[in-house]
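Whatever order the structure lists ligands and atoms in, that order sets their numbers, starting from 1.
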Amino acid sequence: MKPLRIALTKGRLEKDTVGLFELMGKDCEALHNKGRRLILPVGDGSVEAVLCKAADVITYVEHGVCDLGVVGRDTILEYSGSFYEVMDLGFGRCRFALAGPKDKDFYSGYREKTIATKYPNVARAFFESKAMDVNVIKIEGSVELAPLLGLSDAIVDIVETGSTLKENGLRVIEEITPISARLIVNTASMKLRKEEIEALLSQMEAALSEKGR
Ligand code: PRP
């Protein structure tokens, strides 16, 4: 039987996911010593981890080349897609927020505001819910720079500890939504490999509740 393939978001979520696999009793030696390899066996080889960028986790799971994926709710909200979101893994906790210069009142004045963000769909949906027209500019990283350079009035971004905002003279204007890592499953795999996937999900649930104790 070929291994179940699970796409993992590289970086912070990867570390937490490896921690979860270890709590499930799976040997993660290959993931700890991966070098430049991108596809790695987990445990007895019945699971294979695929390391990729967040948005690609969704692409690989949607297309069925990976059966499962671990990805932040931020990425799911921005890219959406067709898959099952089956579990909140509880780690990778942060939030989406609207933030801006701490000495300015964002909502004052009638001029259309400019928002910089890595998440244009999330930003547009947030302002649509307020029936507010804004100009959204996509930035690839360190979005905090945009208001500092005078490109935008505010940003929509992920806030975890709040230190990046604080150290750059910015503050949260409004919280948008909480974020954490989610387990997603390809819709066909859920039917075709139901038993294996359900077994993996129960192991995960058991490990997560053990961790929570
Ligand atoms: C994220 C986010 C903020 C920072 C928030 O960036 O875009 O910049 O983390 O974390 P904090 O509230 O704990 O300071 P990331 O580190 O992923 O880098 P990037 O902006 O280059 O994508």
Worksheet entry | Those atoms of ligand 1 less than 4.0 Å from some heavy atom in Ser163 | 12 (O), 14 (O)

Discussion item. A quick test of your reading: do over 12 heavy atoms of other residues, nucleotides or ligands sit less than 6.0 Å from CZ of Phe126?
Written reply: yes

Discussion item. So is Asp157 touching ligand 1 or not, going by heavy atoms under 4.0 Å?
Written reply: yes

Fill in: Which residue and heavy atom of the protein sit nearest atom 21 (O) of ligand 1, plus the separation
Ser142 N, 3.7 Å

Response to the item:
shortest atom 14 (O) of ligand 1-to-protein heavy-atom contact is with Thr164 OG1, 2.4 Å

Discussion item. Checking Asn121 against Glu78: is there a side-chain donor and acceptor pair closer than 3.5 Å?
Written reply: yes

Item to complete: Determine whether any heavy atom of Glu167 lies closer than 4.0 Å to an atom of ligand 1.
Response: no

Worksheet item: Hey, which atoms in ligand 1 end up nearer than 4.0 Å to a heavy atom of Val159?
Response: 12 (O)

Item to complete: Note the single closest protein heavy atom to atom 6 (O) of ligand 1, along with its residue, its atom name and the distance in Å.
Response: Lys118 NZ, 4.0 Å

Worksheet entry | Lys130 bridged to Glu174 by N-O distance under 4.0 Å | yes

Item to complete: Could you check which of Arg12, Glu160, Glu144 puts a non-hydrogen atom nearest to atom 1 (C) of ligand 1?
Response: Arg12

Worksheet item: Charged N to carboxylate O under 4.0 angstrom, Glu196 versus Lys2?
Response: no

Fill in: Cationic N near anionic O, under 4.0 Å, Glu198 to Lys194
yes

Discussion item. With no hydrogens and no angle check, just 3.5 Å: does a side-chain donor-acceptor pair link Tyr119 and Asp74?
Written reply: yes

Worksheet item: Does Glu140 reach ligand 1, in the sense of a heavy atom lying below 4.0 Å from it?
Response: no

Worksheet, complete the sentence: Note: ligand 1 atoms sitting under 4.0 Å from heavy atoms of Ile158 are 2 (C), 3 (C), 5 (C)

Practice prompt. Verify the neighbour count for atom NZ of Lys113: are there more than 12 heavy atoms of other residues, nucleotides or ligands below 6.0 Å?
Written response: yes

Worksheet entry | Donor-acceptor side-chain pairing of Thr75 and Arg182 below 3.5 angstrom | no

Worksheet item: For atom 13 (O) of ligand 1, what's the nearest protein heavy atom and its distance?
Response: Thr161 OG1, 2.5 Å

